[in-house]
Every structure is written in C-alpha cells, then in structure tokens.
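Below is one structure, written out as structure tokens; comments come after it.
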Amino acid sequence: MTNATAKPDTSGMRKPKREYIGVLYCLPYVVVFLFGMIIPMFYALYLSFFKQSLLGGTTFAGFDNFVRAFKDEALWGGFKNVLIYAAIQIPMNLILSLVAALILDSQRIRHIAVPRILLFLPYAVPGVIAALMWGYIYGDKYGLFGQIAGMLGVAAPNMLSKQLMLFAIANICTWCFLGYNMLIYYSALIGIPNDLYESARVDGASELRIAWSVKIPQIKSTIVMTVLFSVIGTLQLFNEPNILRTSAPDVINSSYTPNIYTYNLAFNGQNVNYAAAVSLVVGIIVMALVAVVKIIGNKWENK
C-alpha cells in the first residue's frame, strides 16, 4: 500500500540564497562609526596611560592622569557650570517645544505649515553663527539690547555678566533647538488616533484637559528620548561659550565647560595625554548621567 501523504522529494531543490544587500547599506555607517568613534576612543585610552616631560620624554604613567583628573578642581568647576546650564536650558527648551507642538496639533491654526517652518528655521543656523549673532544682540552699548534700552532711557542688562551668562547661553541654544524638538513632538502627536480625542470630548473634557491627560501620556517615550538627547547635548556644551569668550574673557575662562577645558589642554596647553584622560572621564560621567536619566524615564513611561 502506498502512502498518500508521503512528502515530495526536495533533495534536488536549491536552498534559498542569502541576501547580503543589507550589509552594504549599513557599511557606510559602520565605517564612519569605526573611524570616527571607536578607533579615536581606543587611541585616547592609549594616550591617557602616558605623560610627557621636557627631560624624560614620553613615559608610562599608569592611572596617574585619571587620578589627577578626578582631583582637578578646574574640571569639576566646568561640570558645575554645565549642570546649572542644564537645569536652566533643558526644562525651558522642552516645555516650550511641547507647548508649541500642542498648539500646532490643536487644529485651530490656519496655514499650519508657516509657523512650523518659522519655528524650525533657527535649527538650520549653525551654532557658531547663532552665538555670534546673539553676542551682538546682547551688547549693552551697541547691540540690539543696548539700542532698545537707549531709546527707552534705561540701562540695558549685561547678559554677558557672570550672573547672566548661563541664561544667555541657554537662550541661544533654546532658540536653535526649540523647532527641532517641536517637530519631534508634533510628529508623535499626529500619530495618535483621533478616536481618543473624540471619546474625551464626549466625556466633556476641554482641549487643555485633552492635552494633559491624553496627548502627553501618549508621547511619553518621545519625551524621554528628547530628554536624553538634551542631556547629552548640554554636557557637550562647547561652541556657544567658546564664541562668547571673546566678548566676555573675564567670565568665560579656559575651563568654563569640560569640553572647553579638554580642548585647551590638548591644543593650547600641548598636554595631549592628560587631555585624553580628561575626555574619557567626561565620557564616563556623561554615560552615567544618561543611564540615570534613562532609568528614571523608563519608570515614568511605564506608569
């Protein structure tokens, strides 16, 4: 008796050929990441274990550079400035970006493309140009602030003073990145199903209540992502204070931020080995802070 359910003989069939086209698509990123991140990081690690002296030349230093970095008051002073700046800039930037996105998503603005483009335009301005432009605007004598104050017969605030410098830098970065974060929030908001809004309106919820209780909870993951990006960006602060340093040399010194301090150690102080150790210490601290923010964000997101 023959078995009617016997499987056909597939021994002569070819196996499906694997497609490697995806590897080619990823190759450019892998090459850039390798030569732009991985290799420089290991090279910095190598340099950090040595030190140079006029008499002894290059000698092995072990962990001496790292111990020195953790005891460096100039480095920790720069971290203090950056953390104060982050406490100012991150909430201001993200709150204003979220409010702008909610207003655009309210469907009460006609020709929505116009305000959306106007808000995003400052992001297209390079950070160096933005710092130069705002440095002129902040001028208490010949800048825009000074001219307006002169017309009103009052004294213009010195935005480049020691007390207001971090606020001035935070304003520049908020002006640049508000539209970027707004676009991220707006893209997340338009993906929320309209059925949720209609149900809330049937229950008598106002637009403000819908924004607070429906829209914001639906984009928690997006908010956490922008917070992470903002934390990383603020801890890498360099361009704005470095440009404003020429206008306020008494306020912004060579160690005003960790990145400025590392740059000056390597290129002005010719202390490449210690600069490499400092850059690695800064990277470790940044990763630790990002991990803490990520853990807190995940707890808030899962509530």
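For this chain, numbers begin at 1 and follow the sequence in order.
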Report task. Would you check if Leu75 and Phe70 make a side-chain contact, meaning some heavy-atom pair closer than 4.5 Å? Result -> no
Check: [Y] main-chain N/O paired with [X] side-chain donor or acceptor under 3.5 Å:
X	Y	value
Asn273	Ser48	no
Ser97	Leu178	yes
Asp105	Tyr186	no

Over all heavy atoms of both residues, which pair between [X] and [Y] is shortest? Give the atoms and the distance, please.
X	Y	value
Asn158	Leu164	O-CD1, 3.5 Å
Ser247	Leu160	CB-CD1, 3.7 Å
Pro91	Ile88	CD-O, 3.8 Å
Ala168	Met159	CB-O, 3.5 Å

Contacts under 3.5 angstrom, residues 113-134 side chains, donor-acceptor by atom type, not counting sequence neighbours:
none

**Report entry** Worked check of side-chain contact (heavy atoms from CB on, under 4.5 Å) between Thr58 and Lys51
**Finding:** CA-CA 6 Å; Thr58 302; Lys51 63 180 179 180; over 6 Å; no
**Report entry** Derivation of the ring pair (Phe, Tyr, Trp, His ring centres under 6.0 Å) call for Tyr256 and Tyr261
**Finding:** CA-CA 7 Å; Tyr256 194 72; Tyr261 185 46; over 10 Å; no
Query raised in the report: For atom CZ of Phe60, is the number of surrounding heavy atoms from other residues, nucleotides or ligands below 6.0 Å larger than 12?
Result: yes
Query - Between Tyr138 and Asn171: side-chain donor-acceptor atoms closer than 3.5 Å - result: yes
Requested in this report: State whether a side-chain donor-acceptor pair under 3.5 Å links Tyr274 with Asp72.
Outcome: yes
Requested in this report: Only counting residues at least two apart or in another chain, list the ones meeting ring pair (Phe, Tyr, Trp, His ring centres under 6.0 Å) with Tyr43.
Outcome: none
Query - Distance under 6.0 Å and angle within 45° of ring axis: Lys215 vs Tyr185 - result: no
Query raised in the report: How are the rings of Tyr29 and Phe33 set to each other: parallel, tilted or perpendicular (split at 30° and 60°)?
Result: parallel
